[in-house]
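Structure first, then comments.
Note that this is a predicted model, so its numbers are computed, not measured.
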Amino acid sequence: MPNKSIQIYVALKHMGNVARKVKEYPFLLGKTPRTFRELIEESVRSCVDAYKTRANNANNPAPLTDEQLDGMREIGKFAFGVHYNENKIDEEKAIQTAIDAVTDGLVRVFKGTNEITDLDAEIEISEGDVFTFVRLTMLSGRMW
């Protein structure tokens, strides 16, 4: 069976949006992952491809729609398609960084309500499954 692309959903909560709960957004993977490690790899590849597309389109930005403006207003940050970073992305390094973050416990991943922990465990992914990536933030400071 050939490995084809698959659309999943990623649950996200925007910063600064106190009123609205987590919302699911479509996320296209280039191929159907068989293991948790492959899910991370495909997720990073998809994000890198989207980043490169945005960077390439920065020279000819399209006018913003009312929906885009409303979304930006909601999160309190307006972006107009200007791409300031000229650095090239090292996809393999980005994948390794993501895997390290999961291994180190800085990122936790859930399929539905079940946490996925074993990188090499086989996972069953179907079209439309919902995944939640939680990035844990380390707080530092002193208590006087």
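Residues R108 and E115 are in side-chain contact: their nearest non-hydrogen atoms beyond the backbone lie under 4.5 Å apart. Between F133 and S43 the shortest side-chain heavy-atom distance falls below 4.5 Å. Counting only heavy atoms from C-beta outward, the side chains of V109 and T117 never approach each other to under 4.5 Å. Looking at heavy atoms from C-beta onward, S46 lies out of side-chain contact with Y51 at the 4.5 angstrom threshold. In this structure, the side chains of P33 and I125 come closer than 4.5 Å at one or more pairs of heavy atoms.
The NZ atom of K31 sits 13.0 Å away from atom CD1 of I6, with the distance rounded to the nearest 0.5 Å. Atom-to-atom distance recorded for S5:OG and L29:CG is 8.5 Å, nearest 0.5 angstrom. Between L39 atom CG and I8 atom CD1 the span is 5.5 Å, to the nearest 0.5 Å.
With sequence neighbours left out, D100 forms a side-chain hydrogen bond (donor to acceptor under 3.5 Å, both in side chains) with Q96. Not counting sequence neighbours, E24 has no partner by the side-chain hydrogen bond (donor to acceptor under 3.5 Å, both in side chains) test. Partners of E41 under the salt bridge (Lys or Arg N to Asp or Glu O under 4.0 Å) rule, at least two apart in sequence or in another chain, do not exist in this structure. By the side-chain hydrogen bond (donor to acceptor under 3.5 Å, both in side chains) test, N114 pairs with no residue at all, sequence neighbours left out. Every residue meeting the salt bridge (Lys or Arg N to Asp or Glu O under 4.0 Å) condition with D129, not counting sequence neighbours, appears here in chain and number order: K111. Residues satisfying the side-chain hydrogen bond (donor to acceptor under 3.5 Å, both in side chains) test with T113, not counting sequence neighbours, are none. Every residue two or more places apart in sequence or in another chain that forms a side-chain contact (heavy atoms from CB on, under 4.5 Å) with A101 is listed here: L106, V107. Annotation: side-chain contact (heavy atoms from CB on, under 4.5 Å) contacts of K88 (sequence neighbours excluded): none. For L119, the side-chain contact (heavy atoms from CB on, under 4.5 Å) partners are F36, R37, I40, I99, V102, T103, not counting sequence neighbours.
L28 is not connected to I95 by any chain of hydrophobic side-chain contacts under 4.5 Å among Ile, Leu, Val, Met, Phe, Trp and Tyr, and they are in different clusters. In the hydrophobic cluster analysis, where Ile, Leu, Val, Met, Phe, Trp and Tyr join through side-chain heavy atoms closer than 4.5 angstrom, F131 is grouped together with F27.
When every heavy atom of G30 is checked against every heavy atom of E42, the shortest pair comes out as N-OE1, 3.5 Å. Heavy-atom minimum distance, E38 versus R34: OE1-N, 2.8 Å. A pairwise comparison of heavy atoms in T65 and Q68 identifies N-OE1, 2.8 Å as the closest pair. The minimum heavy-atom distance between E91 and D49, with the atom names listed, is OE1-OD1, 4.3 Å.
Note on residues 61-72: pairs passing salt bridge (Lys or Arg N to Asp or Glu O under 4.0 Å), not counting sequence neighbours, are D70-R73.
Side chain of T35 to main chain of E122: no donor-acceptor pair is present (N/O by atom type, distance under 3.5 Å, no hydrogens or angles).
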**Request:** Let me see the working for Q7 and E127 under side chain to side chain contact (heavy atoms under 4.5 Å, CB included), right down to the final yes or no.
**Result:** CA-CA 6 Å; Q7 180 173 306; E127 190 87 16; 3.2 Å; yes
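Grouped by direct or indirect side-chain proximity (heavy atoms under 4.5 Å, Ile/Leu/Val/Met/Phe/Trp/Tyr only), L136 sits with F110, V134.
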